[in-house]
Protein chains: 2
Amino acid sequence: MDKKSKSLSKNQKIVLDFIQKNKKPVKAYSILSNVQKKGINAPPQVYRALDKLIEIGKIHRVESQNSFVACKISNCNTPHKTVFSICNSCEIVSEINDPKLFKNLKDFRDKDGTVFDGYNLEFFGTCKSCKNKQIENTKH
Amino acid sequence: MDKKSKSLSKNQKIVLDFIQKNKKPVKAYSILSNVQKKGINAPPQVYRALDKLIEIGKIHRVESQNSFVACKISNCNTPHKTVFSICNSCEIVSEINDPKLFKNLKDFRDKDGTVFDGYNLEFFGTCKSCKNKQIENTKH
DNA sequence: AAAAATTTGTTATATTATAACACTATACTC
DNA sequence: GAGTATAGTGTTATAATATAACAAATTTTT
């Protein structure tokens, strides 16, 4: 049996389930208030589950937002190698899956030749939907 | 006269000065306690200065650390286009200035063809100095 | 079944960041 | 240079994010 498929604990399942239901990244305290009915009462219970889920790659942390999002890349078990696009307007986050970019990042060495274990890349811009809305608004 | 060289306010100078003196990134409350003798008394005064300094590109925010570091790229006035390497062990942060990587990031488009205004890339690994120390330790 | 490792539940507290408001200084423009 | 717009200051209070510490329960390993 695959080591990575070891089953999740109760709290880990509850937290993961809530994150996966959301299209947008969610905040820790929003998770907390939404899962209190399921018996999770205090911040440490949420943060522990988050830590574990990040460690096994099921979710990622969006650093610039202090928020958490489900991994969209199937069978991803590589935490800490993440690329996101973030809309400055609606704050929606998409995980980017671009082989060429991944290769560039994987192969990157600094001046010392240091190899890196991981990376986090966040692109900022205006998503298509928000851009269209802006154009609509200028028409009036 | 260059628009970008407009002079900084008193608090902005104090905060920038302190950040530039430090090799490692500094935390907001560490800045606060270190500049209290200069007349900065409360968090908002620090955060306002930080916001402005980030906006004009004099400093950058290290998202994964909630810390702030002076820009090392001369005449940088482009905020929100940053690449750092971060040592997992000593937490030292270096700003990376790699033209090829910059080009890759600048030219990146997502599937929709969206152009991005900015990006933040953080590489994680073990710096040369920490790696050497680890090797030293295994010898004993 | 005993030992080890992980997860849980809980209280308290640390850390990071912003809201709101009255006031002052600087720059802009006529 | 008087008036006004813009940016910055000082302050109090509080919001938002995250962890320490410890005892108990559960699961995994030997």
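Quick note on labels: first sequence line is chain A, next is B, and so on, each numbered from 1. Everything numeric in this text was worked out from a predicted model, so none of it was measured.
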Starting at atom [atom1] of [X], determine the distance to atom [atom2] of [N], rounded to an integer number of angstrom.
X	N	atom1	atom2	value
A:I31	D:dT17	CD1	C1'	12 Å
A:Q36	C:dT8	CD	P	16 Å
B:L32	C:dT16	CG	P	12 Å
B:E63	D:dT17	CD	P	14 Å
A:L50	D:dA18	CG	C1'	11 Å
A:N41	C:dA12	CG	P	15 Å
B:L8	C:dA27	CG	P	12 Å

Can you say whether the rings of A:Y119 and B:F123 are parallel (under 30°), tilted (30 to 60°) or perpendicular (over 60°)? perpendicular

B:Y29 stacking on C:dT15: centroids under 5.5 Å, ring planes under 30°? no

Can B:Y47 be said to stack with the base of C:dT18, given centres closer than 5.5 angstrom and planes under 30 degrees apart? no

Which of D:dT11, D:dA18, C:dT10 is nearest the side chain of A:P43? It is D:dA18

Nearest of D:dG10, D:dA18, C:dT10 to any side-chain atom of A:R48? C:dT10

Looking only at non-hydrogen atoms, find the nearest pair between B:K81 and B:D117 and report the distance. CE-O, 3.0 Å

Does OP1 or OP2 of [N] have a side-chain N or O of [X] closer than 4.0 Å?
X	N	result
B:K52	D:dT9	no
B:K38	D:dT9	no
A:K27	D:dT17	yes
B:Q45	D:dG10	yes
A:K10	C:dT8	no
A:N11	C:dG9	yes
B:S9	D:dT9	yes

Any donor-acceptor pair, under 3.5 Å, between the side chain of A:R61 and the base of D:dT17, if you only look at N and O atoms? no

Pair A:K13 + A:D17, salt bridge at N-O below 4.0 Å: no

With rounding to the nearest 0.5 Å, note down the distance linking CZ in B:F18 to CZ in B:F68. 12.5 Å

Rounded to the nearest 0.5 Å, what separates atom CD1 in B:I59 from atom CD1 in B:I54? 4.5 Å

Are B:T82 and B:N120 linked by a side-chain donor-acceptor pair shorter than 3.5 Å? yes

Could you check B:Q12 against B:P44 and say which one's nearest nucleotide on DNA chain D is further toward the 5' end? B:Q12

Using heavy atoms to find the nearest nucleotide of DNA chain D for B:N66 and B:I40 separately, return the residue whose nucleotide is more 5′. B:I40

